[in-house]
Number of protein chains: 2
Amino acid sequence: MISNKAKYAFRALLAIAAAPEGEAMTSSEISRRYTIPHKFLEQILLDLKKAGILDSRRGKSGGYVMLRPADTVSFGEVLRIFEGPLAPLPCLSRQSYRRCEDCVSEANCEIRREFGRSYDASRQVLDARTIGDALANTPFGTPLPLEVRRAG
Amino acid sequence: MISNKAKYAFRALLAIAAAPEGEAMTSSEISRRYTIPHKFLEQILLDLKKAGILDSRRGKSGGYVMLRPADTVSFGEVLRIFEGPLAPLPCLSRQSYRRCEDCVSEANCEIRREFGRSYDASRQVLDARTIGDALANTPFGTPLPLEVRRAG
DNA sequence: GGAGTTCCCTATTGAATAAGTAGGCATTTA
DNA sequence: TAAATGCCTACTTATTCAATAGGGAACTCC
């Protein structure tokens with residue numbers, strides 16, 4: 001199960017991305033619309049800003065806007081901000097690889113092998129699908145975002 | 001990341017399933033071989049027994065054996081014993097469905113839709129691959145275990 | 001039949017994480 | 001310059017993780 005924090009982040013991001021171009025949404029507005037505790041949401045939006053996904057304006061008529069286009073922000077990227085590595089085992093994480101302690105042979109580890117298959121399958125979806133796709137309800141399949149096409 | 005408990009469970013299961021037919025493995029033996037804290041491992045093996053996966057004999061020359069054939073025990077089944085529902089959202093779990101609180105429309109929830117795709121992909125692997133497959137290093141693909149063929 | 005070995009069961013602990021709460025400072029603009 | 005907004009840090013409370021601890025129950029083998 002993903003954390004509430006991550007779920008709130010997705011709700012907020014989808015709302016901000018769906019707002020009319022250039023129009024900022026305030027944290028209070030989002031908080032009200034989705035009944036997310038306001039102070040908690042502020043922390044979340046701040047994390048998204050630090051990650052370079054959102055931009056913000058302060059003061060009256062301030063709020064949050066997308067810094068990058070919604071169809072370049074994948075579900076995987078957002079999830080990693082709030083949950084850390086998505087890999088089921090430390091030895092399967094590309095971004096933050098760590099050997100399993102007491103592992104004798106990584107290459108012959110059945111657990112690693114099987115979970116690797118499962119992780120590959122879910123990663124392929126999470127890193128391919130973007131906030132933009134979700135809003136447009138793009139059917140899953142061919143049009144992959146740039147990063148993934150390059151990485152693949 | 002999966003818990004240590006689950007990882008230990010897989011190590012133990014793979015060892016027991018790999019043992020010569022009818023030959024019991026003791027918790028101490030497994031504990032020594034994989035440097036798993038003995039008392040902790042006992043709890044784990046007990047859970048696997050209660051779940052109907054292992055059988056045990058007490059006293060001298062006791063130990064644990066598989067109750068069901070290794071190729072009927074899927075990774076998903078074992079994982080659920082130790083981690084609870086594998087679904088990323090409560091509203092995506094078939095086995096223990098729960099509505100997300102404050103959810104307005106499940107059918108129109110983009111988060112549910114996208115995570116549903118990802119979960120489907122990983123579930124298809126975890127529920128199809130068995131302890132037996134892992135030991136035999138069966139290539140992933142065609143020969144699904146019975147339960148999955150029926151459920152699908 | 002008793003010693004030794006094994007599994008069985010429950011309770012407790014210490015650290016980390018989750019999910020917020022709280023309070024106030026900084027900046028902008030009407 | 002006042003009101004609204006974002007920005008930052010600290011704290012709290014409950015839960016889960018990863019063991020540890022201590023003993024009881026059953027079985028086997030001499």
Is A/Leu135 reachable from A/Val65 through a run of I, L, V, M, F, W or Y residues, each pair having side-chain heavy atoms under 4.5 Å apart? no
Partners passing salt bridge (Lys or Arg N to Asp or Glu O under 4.0 Å) against [X] (at least two apart in sequence or in another chain):
X	answer
A/Arg113	none
B/Lys39	B/Glu42
A/Asp55	none
A/Arg80	A/Asp127

Just to verify, what does A/Thr35 make a side-chain contact (heavy atoms from CB on, under 4.5 Å) with, not counting sequence neighbours? B/Asp102
A/Ala70: partners by side-chain contact (heavy atoms from CB on, under 4.5 Å), with sequence neighbours left out: A/Ala17, A/Met66, A/Ile131
Please give me every residue in residues 79-96 of chain A whose heavy atoms get under 4.0 Å of an atom in DNA chain C, ordered by residue number. none
What is the distance, to the nearest angstrom, from the [atom1] atom on [X] to the [atom2] atom on [N]?
X	N	atom1	atom2	result
A/Phe40	C/dA18	CZ	P	10 Å
A/Lys7	C/dG20	NZ	C1'	15 Å
B/Met1	D/dA18	CE	P	12 Å
B/Glu29	C/dC7	CD	P	11 Å
B/Leu41	C/dT6	CG	P	14 Å
B/Ile44	C/dC9	CD1	C1'	15 Å

Can you check whether A/Tyr8 has a side-chain N or O nearer than 4.0 Å to OP1 or OP2 of C/dA19? no
Whether B/Asn4 contacts D/dC17 is assessed here as follows: a side-chain N or O lying under 4.0 Å from the phosphate OP1 or OP2. Is that the case? no
Do the two ring centres, one from B/Phe82 and one from B/Tyr8, sit under 6.0 Å apart? no
Under a 4.0 Å heavy-atom criterion, the protein footprint on nucleotides 3-11 of chain D, written with B, S and -, is -BBBBS-B-
Filter on salt bridge (Lys or Arg N to Asp or Glu O under 4.0 Å), then keep only pairs touching residues 16-35 of chain A, sequence neighbours left out; what's left? A/Glu29-A/Arg32, A/Glu29-A/Arg33
